[in-house]
Amino acid sequence: MGLFLLLLLAGPAHAQKSAASAKAAAADSAARPAAKRQLQATRISEAIKIDGDLDEAGWREAPVATNFVETRPTPGRPEKHATEVRLLYDDAALYIGAVMHDVSPDSIFRELTQRDDLGNTDYIGVFLDTYHDKLNGYGFFLTPGGVQLDARYSPAGGEDFNWNAVWESRTQLRGNDWIAEIRIPYSAIRFSDAAEQVWGINFARQRQSTRQQFFWNEVKPQVDGLINQFGELRGLRDIKPPLRLSLTPYVSTYFNHFPYNEQGKRNSSTSFNGGADVKWGINESFTLDATLVPDFGQVQSDNQVLNLSPFEVQYNENRAFFTEGTELFNKGGLFYSRRVGGQPLGFDDLDGRLRKRTTDSDGQIRQGEYVVSNPGITRLLNATKISGRTKNGLGVGLFNALSNDVYATVQDSTTGQRREVLTQPFSNYSIFVLDQSLKNNSYVSLINTNVTRQGSTYDANVTGGLFRFADKSNRYALKGQANYSRRRGQVFGSTEQVDNRDGYKYSLELAKISGNWNWSVNHGIESDTYDPNDLGILFSNNSISQEASVSYNKYEPFWKVNNLRTNIGLYQTLLYKPTRRQDVGFYSSFNTTFTKNFFSLGGNLDGSLVQHDYFEPRRQPLGEYYVRVPANIGLNGYGSSDYRKKFAYDISLAGRWYAADGARTGRNGYDVGLSPRYRATNQLSFRYNFNFSQRHNEIGYAGSLSDQQVADRPFIQNGVADVILGRRRRTTTTNTVSASYTFTNRMSFTVRTRHYVSVAHYRDFSRLNPGGEEETVDYRRNRDNSFNAFNVDAVFSWWFAPGSQITVVWKNANASYLAGDETLPQYFTNFNNTLNTPHNNSVSVKVLYYLDYLTLRPKKRG
């Protein structure tokens, strides 16, 4: 009887254990890459005409890549409407012919957009890993409307659509199908000169009507990485990397108007510019890109903001030369390209170099100098990139740029005499990178950045090493980085030596990277003298950080949703020198998409204990003064409707609440974002972005004190100014309206209008004492301020030939900063004031013409 009961009880237990084992085995299988498919390339001798008709004999003879597998929303499901892709090659190019079957013409979405802008449309994508290192690759995408998109893939840059290549394509709609024909010349990509080659390859299809994405070689979302999940292209024989040499000269002309309305000063000016971009394939692996006398006047205007923080504002890079093909130079995060040709070194210190107003012994006042012009950017002379990767997986990158002297003009208030003040000396910027790809999706890299300046100022150098090692199963990874910064010389405009001469940083992370459950732990230190900011960007150093996080992701549809992504983490930060507590907190997030209506929903919850902010007081050395930030908790949520609809929207709501800090209560902050969009036709679309934020009872630095201000003098003792904090209400409103009309897949017109206003109103003030203690003071200076920025960017673009473009740009800009009694507290008052103050208007025309040596060279006679 006892044995019978034992067997009876063991049966269900054994079944549960077997079920659990089977479930674990299934999860383990899902976290492993799918078996690699192989596609045989077919060599052809006849010419292929890129017209969207796959009527040449080569297309009928080529093997077919089909039976695509869904990646989202339901991973692993075979496609219902077949995709058929064929690949041919000759001595000059790859040819891809694809037929995408569908249920009806109405199911083929085909919105027209600008190049590299994927709208509400289907697409076919071709991915190439030409060195088969499973880390770096190319992507070429084509929509039914004929819009081209291309991208580079790398561990540093991820998916980078800033990269552009010159390639040919045509599409056709035929019944319930759409057809794509693509020619990718070898000059657009890099590969080795081996007699027989194996490339990584994959094809992707997006079917927008059902929001499905498919890959020929299955890409599992549970597996870390994309390139490592490609199939293999075999049979490429006797192809030689061509001489890659192209020249893109440009000419541009500008007309600027600003209503100075001053005697002897013209309100308008014109200019004419010329230069060129050069691309030269040094050998089969390496390419030189150079821009000579570059002109970046047509890039989109920066989103200027009111900055009350102790750190600089990081702006997006909109200059094509600094966004294309820079994945190697972005390794390690040491390159902030806005430093090159950016704000002059002495731009902010110019007032300190002016002759001040003085009073003679006889009581006569002699006026000082004032600023006539102070250029905010540095004109580049040239910039050059050399980059590539050998057949053994060694990536090499070299970047160099030269900028000229920059001078400000100042004028004597009494005599009218003018003089020039150097704000930026002649400078050389350089980066050198070595990046060795290793097996198992791993790498080791070395990066060096250097800035050398002419004259008696300082030079800067940063060297960094980083690595990533993943195990054979691609489930776990260890990565780390160590940097050393070195500065030598004098502070610009001074005889003092720079004080942060040597510094270091390191970080180490261990993580589980594949599967439904993942986790990571990391630790890092940035010394108090570590400073990469001459060619990089770091908001604050002098820190020790620890962090641990866990994530759970469900990739298959369940309940009423398509997927679920969640994570939760804990962190701690310390001041490095002296070692003091800064912050301890947690964060968490989730996002999902509903199955029927494709409404995406997400949210974040985070909180921290009492923080010690050592940077807000702007007092060196760090450690003695800090601003107390009470314990707080933040919650935000966001949602996006189905972008397939003509009308769609994004919405976000956020709030943060703080605990009481002594007598100070009621501190909180709110944010609202709303972005409706309307697609009138497949060619015309509109978008509106509204963002509003308000901070109540925020405690922050009230600004530097000056003995020129009567209200400040009681708070300056023996030349040392107190740290004055203010309790303020800060309100920021941003309205952005955009419209786009695409005439054809090569011609478009866009307009973007942005108005930004931020107002800070101070309620009371306190003196910050050592140890974070605040002492209420009767400070009478009005520190209220408001900042307005208004921009219009209108762009007409026409790609009249492959790689050749005409752009006509109109820019309208205005920015104003009002302080004290001039502050405008109301939004519409600010808006009206912005419209009624002088604006700068600029109209420019730029023509680029792409010249390829391979098409210009004399043809050989038979």
Side-chain angles (χ1 to χ4, degrees), residues 22-23 25-40 54 59 62-87 96-109 121-129 139-144 174-180 182 200-234 474 514-516 553-564 593-596 598 644:
K23 187 175 181 180
D28 185 66
S29 176
R32 289 197 299 267
K36 292 189 177 300
R37 291 181 171 182
Q38 293 184 0
L39 180 65
Q40 195 73 16
L54 306 181
W59 294 123
V64 181
T66 188
N67 298 323
F68 281 42
V69 181
E70 188 172 336
T71 292
R72 66 168 189 260
T74 307
R77 188 168 60 178
E79 66 175 344
K80 183 177 180 181
H81 305 285
T83 306
E84 301 170 356
V85 183
R86 295 165 173 83
L87 188 144
I96 293 92
V99 180
M100 280 60 64
H101 299 288
D102 218 311
V103 63
S104 69
D106 291 342
S107 297
I108 303 170
F109 283 35
T121 181
D122 293 14
Y123 68 72
I124 182 69
V126 181
F127 299 90
L128 300 173
D129 173 12
F140 300 87
F141 304 85
L142 187 63
T143 74
R174 186 172 298 163
N176 296 338
D177 306 334
W178 69 279
I179 301 169
I182 298 171
I201 193 167
N202 214 346
F203 305 105
R205 177 185 178 183
Q206 175 163 293
R207 192 166 180 267
Q208 183 68 356
S209 63
T210 53
R211 295 281 290 269
Q212 291 174 291
Q213 185 182 44
F214 305 90
F215 283 89
W216 170 64
N217 200 97
E218 183 181 2
V219 172
K220 298 182 178 182
Q222 301 95 326
V223 176
D224 181 70
L226 172 68
I227 313 297
N228 54 313
Q229 299 192 65
F230 286 2
E232 293 181 345
L233 177 64
R234 294 181 173 271
N474 198 41
S514 292
N516 295 90
N553 302 320
K554 193 170 179 62
Y555 303 100
E556 302 82 7
F558 69 100
W559 187 56
K560 297 182 179 181
V561 298
N562 285 331
N563 51 55
L564 177 67
T593 301
F594 288 89
T595 303
K596 286 188 176 181
F598 281 93
R644 296 174 301 175

Side chains of [X] and [Y]: do they bring a donor and an acceptor to under 3.5 Å?
X	Y	answer
Asp224	Ser514	no
Gln40	Arg234	no
Gln222	Glu556	yes

Looking at every non-hydrogen atom in both residues, tell me the closest pair between [X] and [Y] and how far apart they are.
X	Y	value
Pro105	Gly175	CG-O, 3.3 Å
Asp106	Phe109	O-CE1, 3.7 Å
Thr210	Phe598	O-CZ, 3.6 Å
Trp216	Arg37	O-NH1, 2.9 Å
Leu142	Ala180	CD2-CB, 3.8 Å
Pro144	Thr121	CD-OG1, 3.4 Å

Charged tip of Lys596 within 45° of Phe594 ring normal and under 6.0 Å:
no
Sole residue of Arg72, Arg205, Gln206, Gln208 in side-chain hydrogen bond (donor to acceptor under 3.5 Å, both in side chains) with Gln213
Arg72
For Val64, does its backbone N or O pair with a side-chain atom of Arg86 as donor and acceptor, under 3.5 Å?
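Not at all, since once roles are kept as given, no pair shorter than 3.5 Å links the two residues.
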Between Thr66 and Thr83, is there a donor-acceptor pair closer than 3.5 Å when you use the side chain of the first and the backbone of the second?
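The answer is yes, because a donor-acceptor pair under 3.5 Å joins these two groups.
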Do the side chains of Asp102 and Arg207 get close enough for a salt bridge, i.e. N-O under 4.0 angstrom?
yes
Contact between Asn176 and Val103 at the side-chain level, heavy atoms closer than 4.5 Å - yes or no?
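Counting from C-beta outward, Asn176 and Val103 never come under 4.5 Å.
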Give the intermediate values and the outcome of side-chain hydrogen bond (donor to acceptor under 3.5 Å, both in side chains) for residues Asn562 and Thr595.
CA-CA 5 Å; Asn562 285 331; Thr595 303; 3.1 Å; yes
Check the pair Arg32, Val223 against side chain to side chain contact (heavy atoms under 4.5 Å, CB included), reporting the backbone distance first and the verdict last.
CA-CA 6 Å; Arg32 289 197 299 267; Val223 176; 5.7 Å; no
Would Gln212 and Glu70 count as a side-chain hydrogen bond (donor to acceptor under 3.5 Å, both in side chains) if you check the C-alpha gap in whole Å, the side-chain angles of each, and the deciding distance to 0.1 Å?
CA-CA 7 Å; Gln212 291 174 291; Glu70 188 172 336; 3.0 Å; yes
Angle class for the Phe230/Phe127 ring planes (parallel below 30°, perpendicular above 60°, tilted otherwise)?
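Tilted: the ring planes of Phe230 and Phe127 meet at 30° to 60°.
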Just do the side chain to side chain contact (heavy atoms under 4.5 Å, CB included) check on Leu39 and Leu87 with the steps written out, would you?
CA-CA 9 Å; Leu39 180 65; Leu87 188 144; 4.2 Å; yes
